[in-house]
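Structure first, commentary second.
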Amino acid sequence: MEIRDFSIGGDATIRSAMEVLNKTLMGIGFVVDGDGKLTGTVTDGDIRRALLKGHTISDEVGVAMNRNFVSLPMATSNVDILKVLSDKVKVIPLVSESGVLKDYASIRKIRRISVAAPSLGGNELAYVTDCIRTNWISSQGKYVREFEAKFSEYHDGYKALAVSNGTVALHLALVALGIGEGDEVIVPDLTFAASINAILYTGATPVLADVDADSWNIDPEVIERLITPRTKAIMPVHLYGQPCDMQPIIEIAGAHNLLIVEDAAEALGSLYQSRPVGTFGDVATFSFFGNKTITTGEGGMVIFRDEAAYERAAVLRDHGMSKTKRYWHNEVGFNYRLTNLQAAIGVAQMERMDEFVDAKRRIAGLYNEELTKSAHFVLPLGEEVGSKNSYWLYTFLVKADSPFSRDELIAFLAANGIESRPVFYPLHEMPPYTQYGKASELSRSIAISKTGISLPSSPILEKEEVKFICERILYYAAHYKNS
Ligand SMILES: *Cc1c(COP(=O)(O)O)cnc(C)c1O
């Protein structure tokens, strides 16, 4: 809808104003004078009142128009527009300094607040430009090594390998540890499909475990019940930034001689027992997809406790080519390399990682503070001493006995320009994975999947935007009527 669709000439009749309203279906039209200056607004209600007073549809629109209208300057920010938009003021005309009608704003037409927009305003452009100026754009180059070094430093010296994405990071990790056909890997039922796909790529068999009702992460007691003589590894996933309770998992792995592969794709910057997640297992993986805590567009990282596994993975990442004899291959490897261009973005993102995590935690704090005011929600589990949730995506549950459903809330938010997303589907419900778990044993995963919703959590969100989102959610929860 263009602004001219809303425009009504000052000499127009009520009839032509009604035609404008009928066309836009927004319930409002803007009256302009010969110079295009906004002189008034006309709503359906204004016209009804004028006709009731005895005017006819052939009278000039001036008799019905409201001269006491709300307008904003063209340059008003979304945040300030949001402050004026309400259930009474749904469309706001935007005018130039001289009062000429230029544009309009509505809930639907402001910037959509997205779930996880990246922040690229640091050294990203400078470093990428450096790659191009120096001709180092492929997978050789200083930024790949620098990115790995920074990552390793943050993760207690675990050796780091940059790879093309978080899914191949998992695959490479599993293969480097020798996991393959005949092995079983225990993985939570509630996670992104990449976790289970990587297990399947190796030929190993995934075994789906139910999650804890409060942390929504893999339940250590369930792990213990699923162990068989073929179990080779446990893959805890730190979902939405919430660190898994690693201590019991480490004990179980120790007792049964199992490997631990941490899928930390969603938890860069999260701590457990005051140490970064990813440093509790034999290997851990991260993702730098566009919506993750730091991004390289596409990208991933694998970190290793064991030097030998790291060395093996470095060879596998590069086609399995011998490090000492070029173009000699002792095994079937992969091309899982990250480019210097992507790593350049990664280095710049790492420089601001703490800032991003702090921002996400502040945003989560605001959500918690506001959403606790409604009795219909279950908020994310609080932090244990020594733990830190990096809140990749702020996620909460709509109580099962609430009058409205999670999906209805998502639809309401979408209509208000707010993107949100449902929690992952339980893996066992989807066609490729049905044989790896039984619904009767995965009831918590099913319940959380049905009721969980993730809210915008980007570090570039402004406080007013978070408040606006909360205001909309609380409004919905308080005014919901079953229709
Ligand atoms: C994002 C993600 C991955 C990896 O995804 P890529 O898009 O391949 O980088 C793996 N596991 C989980 C839990 C994820 O959220």
Side-chain angles (χ1 to χ4, degrees), residues 184-196 199 205-228 231 233-253 260-267 270 272 277 364 368 371 375-384 387 389 391-402 404-407 409-410 420-455:
E184 289 175 357
V185 180
I186 300 174
V187 61
D189 187 48
L190 196 67
T191 177
F192 181 52
S195 314
I196 191 169
I199 298 168
T205 305
V207 176
L208 294 171
D210 205 0
V211 294
D212 178 80
D214 303 317
S215 71
W216 317 332
N217 281 329
I218 195 164
D219 182 340
E221 281 178 30
V222 174
I223 295 177
E224 200 137 41
R225 287 205 299 274
L226 295 175
I227 292 173
T228 74
T231 307
I234 307 166
M235 185 188 286
V237 181
H238 308 283
L239 207 66
Y240 300 121
Q242 176 80 258
C244 292
D245 189 8
M246 292 305 295
Q247 194 55 47
I249 296 174
I250 290 167
E251 282 162 21
I252 293 165
I260 298 176
V261 180
E262 292 182 69
D263 181 346
E266 303 182 359
S270 294
Y272 177 77
V277 301
N368 275 335
L371 298 183
H376 297 309
F377 304 134
V378 180
L379 303 189
L381 183 66
E383 293 172 336
E384 300 272 321
S387 282
N389 186 338
Y391 288 106
W392 169 54
L393 290 183
Y394 179 87
T395 303
F396 69 102
L397 311 183
V398 175
K399 282 187 184 162
D401 63 3
S402 141
F404 53 90
S405 72
R406 182 271 313 271
D407 291 343
L409 179 58
I410 288 178
S420 62
R421 52 181 249 189
V423 159
F424 298 113
Y425 289 107
L427 289 175
H428 77 274
E429 288 185 359
M430 294 184 276
Y433 318 119
T434 49
Q435 59 187 298
Y436 304 116
K438 281 201 216 72
S440 59
E441 289 168 12
L442 298 164
S443 57
R444 285 169 288 183
S445 163
I446 294 168
I448 294 159
S449 168
K450 268 205 193 105
T451 57
I453 167 171
S454 300
L455 294 179

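Hydrogens, waters and symmetry mates play no part in the numbers below; they use all other heavy atoms, side chains included.
Panel note: side chain D210, backbone D219; no donor-acceptor pair is recorded below 3.5 Å. A donor-acceptor pair under 3.5 Å is absent between the side-chain atoms of Y433 and the main chain of I196, judged by distance alone. Here the side chain of H376 pairs no donor or acceptor atom with the backbone of K399 at under 3.5 angstrom. S387 contributes no side-chain N or O that, together with a main-chain N or O of E383, makes up a donor-acceptor pair within less than 3.5 Å. Panel note: side chain S445, backbone V211; no donor-acceptor pair is recorded below 3.5 Å. Checking side-chain atoms of R406 against main-chain N and O of S449 turns up a donor-acceptor pair under 3.5 Å.
If you take CE on M246 and NE2 on H238, they are separated by 5.5 Å, rounding to the nearest 0.5 Å. To the nearest 0.5 Å, atom OG1 of residue T231 and atom CD1 of residue I186 are 4.5 Å apart. Going from atom CD of E184 over to atom OG1 of T228 covers 3.5 Å, rounded to the nearest 0.5 Å. Between the CG atom in L379 and the CG atom in L371 there is a gap of 6.0 Å [rounded to 0.5 Å].
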Could you walk me through whether T451 and V378 pass side chain to side chain contact (heavy atoms under 4.5 Å, CB included), step by step? CA-CA 10 Å; T451 57; V378 180; over 6 Å; no
Show, in sequence, the C-alpha distance, side-chain angles and deciding distance for F396 and Y240, and conclude whether the ring pair (Phe, Tyr, Trp, His ring centres under 6.0 Å) test is met. CA-CA 10 Å; F396 69 102; Y240 300 121; over 10 Å; no
Does the side chain to side chain contact (heavy atoms under 4.5 Å, CB included) test come out yes or no for I249 and I252, once each step is laid out? CA-CA 5 Å; I249 296 174; I252 293 165; 5.5 Å; no
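Residues E441 and H428 have side chains not in contact (no heavy-atom distance under 4.5 Å, counting atoms from C-beta outward). Side-chain contact between I250 and I260: present, with at least one pair of heavy atoms (C-beta onward) separated by less than 4.5 Å. Taking the side chain as every heavy atom from C-beta outward, T395 and L239 never approach each other to under 4.5 Å. Using a 4.5 Å heavy-atom cutoff, the side chains of V237 and W216 are not in contact. Within the 4.5 Å cutoff, side-chain heavy atoms of Q247 are placed close to those of Y272. P188 places none of its side-chain heavy atoms less than 4.5 Å from the side chain of N217. Side chains of D263 and S195 form a contact here, defined as non-hydrogen atoms less than 4.5 Å apart. Counting heavy atoms from C-beta on, the side chains of I448 and L397 come closer than 4.5 Å.
Residues A439 and I446 come closest through the heavy atom pair O-CD1, 3.7 Å. Residues L455 and L393 approach most closely at O-CD2, 4.4 Å, considering heavy atoms. Taking each heavy atom of D189 and L208 in turn, the nearest pair found is OD1-CD1, 3.5 Å. I453 and V398 get closest at one heavy-atom pair: CG2-CG2, 4.4 Å. A pairwise comparison of heavy atoms in D212 and D214 identifies OD2-N, 2.9 Å as the closest pair. Listed here is the closest heavy atom pair of P243 and N389: CD-CA, 4.1 Å.
Counting non-hydrogen atoms of neighbouring residues, nucleotides and ligands closer than 6.0 angstrom, the CD atom of E221 reaches no more than 12 such neighbours. For Y436, the OH atom is densely surrounded, since the number of other residues' heavy atoms within 6.0 Å is greater than 12.
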